Amino acid sequence: MDILQGLNNAQHRAVETTNGPLLILAGPGSGKTRVIAHRIAYLVTEAGVPPYRILAVTFTNKAAKEMQERVYSLLGEPARDITLGTFHAICSRILRVDGEHIGIPRSFAIYDDDDQIVVIKQALVEMGLELKRNPPRAVLSAISRAKSELITPEAYNNQIGSYFEEIVARVYNRYQELLEVNSAVDFDDLLMKVVELFRERSDILEKYQQRYHYVHVDEFQDTNIAQYVLARQFAGGHGNICVVGDPDQSIYSWRSADIRNILNFERDFPNATVVYLEQNYRSTQTILDGAHSVISANRQRKDKKLWTEKGEGLPLVIHESMSEDDEAEFVAKEIEALARQEHYPLSACAVMYRTNAQSRPLEDVFVRHSLPYRLVGGTRFYERREVKDLLAFLRLAQNPFDSIALMRIINVPPRGIGQRSLEELSAFARRRDIPPYAALQLLGDGDEELTGLFQARVVSALQRFLEMLNGLIRDSRQLPLSRLVISIIESSGYRDYILKDERFADSIERWENIEQICTVAAQYDELDPIEGLARFLEDVALVTDIDEYDERSDAVTLITLHAAKGLEFQIVFIVGMEEGVLPHIRSFDEPAQMEEERRLCYVGMTRAKERLYLVRAFKRGFGMPAVASRFLKDVPVGLVSGRPLTSSRPVQRVAIQPAPVTNGGSSSPAFVAGDRVRHPRFGNGVVVSCQIDVHDQMVTVAFKGDAGVKKLLLSMAPLELVNR
């Protein structure tokens with residue numbers, strides 16, 4: 001096979017540039033996955049690089065799977081020796097092998113978001129801090145950001161600048177202690193701990209640098225500081241690092257992604273080769289020109305002009321509805337018309353929006369129209385109750401010190417162990433500074449203090465649970481994974497619990513989910529039992545929403561703009577094209593955030609292959625007039641003359657008008673500092689400031705109670721003046 005066959009000139013150059021730093025600036029739909037796959041194949045077949053010397057990092061399991069399939073189609077069996085996966089998956093495997101050098105046991109558990117919140121709450125309660133005043137989610141977010149920047153608890157404690165940061169510092173320290181007691185790590189630890197391992201053990205770092213002579217990093221614009229440091233550590237011995245990305249698609253700053261990593265690559269690697277991939281294989285030229293008109297207003301970017309051989313295509317459609325319900329009705333009817341008149345399958349259509357809350361009116365209307373849809377970002381398979389129960393049993397079989405998993409299923413199915421008994425067990429474990437499993441072992445040995453805490457029947461129930469758990473631990477070392485799952489179901493009585501308990505009206509569906517776990521587990525049966533269990537739990541822990549996306553089902557996709565990255569559809573509707581929605585209101589005072597909102601719109605627009613609809617509502621929420629998104633104003637009039645199939649007249653260009661004001665149209669502020677106002681949701685408050693811009697007025701209000709300080713767009717916020 002000719003590895004270079006079918007590549008365009010820019011792709012050809014990227015594939016043949018094998019030594020030294022390489023930056024591939026790849027626009028959407030420019031074939032970057034193909035380029036990475038062919039470059040890897042070229043290294044093996046033409047440059048003579050052994051496959052095991054190659055490392056390729058992606059950002060999602062879905063992308064990793066696609067990459068693996070492409071490389072395998074080019075190389076065949078040798079492709080299996082290439083290390084290819086997400087940052088988190090690769091780091092997890094490194095820690096399984098070498099983590100013991102920094103105190104991480106090989107059987108460590110990976111705590112998901114729900115587990116992390118439980119631990120944060122435990123730390124807050126132990127410290128006597130109120131959960132209402134110190135929201136666990138906010139505390140966890142601050143800790144996660146610190147870890148992504150490689151800031152340890154000690155370092156965080158040395159840079160406290162506010163009362164909230166003082167709380168975070170205290171919780172951060174205890175949170176890490178609790179993870180260690182449970183032999184667990186969180187997602188951020190997977191990266192941070194490998195950086196720590198490489199920094200503390202130069203011999204381990206050198207081992208991996210000698211192993212991987214060629215490093216590839218996909219979606220480099222989405223890397224955070226920890227991932228950037230890891231990439232440089234891997235490539236430190238030889239400098240052969242190839243990064244692929246697009247600053248215009250950097251939309252994850254809220255996950256600590258740092259756009260500067262890709263913008264400054266040439267500064268950090270002065271001898272880097274730069275290749276631009278500008279030929280687009282996905283969209284029509286009209287869609288590309290419309291998207292470019294939106295993104296070109298940004299400053300933090302590297303300019304490129306996408307072009308395509310697919311032709312000009314249909315004009316864009318900009319549609320204005322009266323309300324969010326009318327907006328949803330328009331989308332549903334248009335999709336029905338596209339299916340009926342143009343014979344598009346429903347799976348060709350995607351409706352994208354800025355926030356999850358926007359799906360509600362769409363779902364309501366789709367149900368009324370009997371339009372099948374799939375909601376990306378709903379309850380994921382591995383987050384369902386019965387699935388998480390079974391996973392908890394498996395986690396305990398691997399790591400019995402995992403207190404989160406133990407407390408989840410110690411009385412599931414019900415064994416007569418009440419909540420008070422569990423609290424007593426947990427309190428005893430904390431006093432002794434041991435995990436609950438160790439406390440159960442003491443109970444089994446007849447510890448007098450512990451047995452004295454419970455009634456005889458509870459002691460008996462706890463001992464039976466311990467006996468069952470120890471049996472599962474033995475089974476986990478001997479049985480193939482699917483047989484271990486069956487052993488759990490049988491020994492725990494979980495089948496009867498699901499199928500016969502009257503609390504489960506959907507018992508059949510829940511049991512089918514359990515059977516699905518058995519099917520998935522069978523894929524790991526060929527591995528050694530201990531390795532198979534570890535690999536399965538690792539893979540499950542790192543599953544994301546988009547990994548469960550099934551593009552084969554014939555249904556309309558409802559998805560946030562953030563989740564849509566990496567996907568493509570023949571027809572795309574972007575709804576909520578209004579100021580305060582897209583761009584989001586939180587970006588108004590932050591130029592960097594406004595640029596990210598513009599990038600988010602760009603990502604959504606470039607998901608479309610053939611047709612693109614930009615839809616807004618005249619009124620949204622409480623019924624106040626909404627201002628059309630500034631991004632609509634950026635689209636040239638010449639690109640917008642399309643009309644929906646459900647309309648007999650062309651859609652007129654949406655005008656971008658200043659927001660109506662409540663003070664008779666005066667250019668002066670509608671409110672002044674000190675005004676007392678009332679909001680139907682947040683209640684009474686005092687105006688802090690009122691700022692006028694070209695389109696609207698931004699009112700900052702300090703509300704009473706938990707609402708706190710809010711920044712409200714006057715066109716969307718029904719503020720009532722109480723007195724002046």
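The structure displayed is predicted, hence computed values, not measured ones. Both backbone and side-chain heavy atoms feed into the values below; hydrogens, waters and symmetry mates do not.
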Pair [X], [Y]: side-chain N/O donor-acceptor within cut-off below 3.5 Å:
X: Tyr524; Y: Asp539; answer: yes
X: Gln221; Y: Glu219; answer: yes
X: Ser253; Y: Glu596; answer: yes
X: His369; Y: Glu336; answer: yes
X: Gln249; Y: Asp246; answer: yes
X: Tyr276; Y: Asp303; answer: no

Does the distance from a Lys or Arg side-chain N to an Asp or Glu carboxylate O, for [X] and [Y], drop under 4.0 Å?
X: Glu610; Y: Lys310; value: no
X: Arg360; Y: Glu324; value: yes
X: Arg607; Y: Glu568; value: no

If you count the non-hydrogen atoms of other residues, nucleotides and ligands that lie under 6.0 Å from NZ in Lys333, is the total more than 12?
-> no

Does a sphere of radius 6.0 Å around NZ in Lys65 hold more than 12 heavy atoms from other residues, nucleotides or ligands, not counting ones at 6.0 Å or beyond?
-> no

Heavy-atom closest contact (Lys304 atom, Asp248 atom, distance) = NZ-OD2, 3.1 Å

Would the His319 and Tyr613 ring centres measure less than 6.0 Å apart?
-> no

Which of these, Leu362, Val367, Val365, sits in a side chain to side chain contact (heavy atoms under 4.5 Å, CB included) with Tyr373?
->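 That would be Val367; it is the only one of Leu362, Val367, Val365 passing the side chain to side chain contact (heavy atoms under 4.5 Å, CB included) with Tyr373.
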
With sequence neighbours excluded, what pairs up with Ala64 under the side chain to side chain contact (heavy atoms under 4.5 Å, CB included) test?
->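 Partners of Ala64 under the side chain to side chain contact (heavy atoms under 4.5 Å, CB included) test: Thr58, Leu84.
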
Ala522: partners by side chain to side chain contact (heavy atoms under 4.5 Å, CB included), with sequence neighbours left out |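 Ala522 satisfies side chain to side chain contact (heavy atoms under 4.5 Å, CB included) with Ser482, Asp525 once adjacent residues are dropped.
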
Would you check, one step at a time, whether the test salt bridge (charged side-chain N to carboxylate O under 4.0 Å, His left out) holds for Lys305 with Asp289?
-> CA-CA 9 Å; Lys305 190 67 169 67; Asp289 290 345; 3.0 Å; yes

Decide salt bridge (charged side-chain N to carboxylate O under 4.0 Å, His left out) for Arg598 and Asp634; before the verdict, give the C-alpha distance in whole Å, the side-chain angles of both, and the deciding distance to 0.1 Å.
-> CA-CA 11 Å; Arg598 193 176 290 277; Asp634 295 329; 2.5 Å; yes

Residue among Arg354, His584, Arg586 satisfying side-chain hydrogen bond (donor to acceptor under 3.5 Å, both in side chains) with Glu597 | Arg354

With Phe87 via ring pair (Phe, Tyr, Trp, His ring centres under 6.0 Å) - residues at least two apart =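 Per chain and number, Phe87 pairs via ring pair (Phe, Tyr, Trp, His ring centres under 6.0 Å) with Phe59.
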
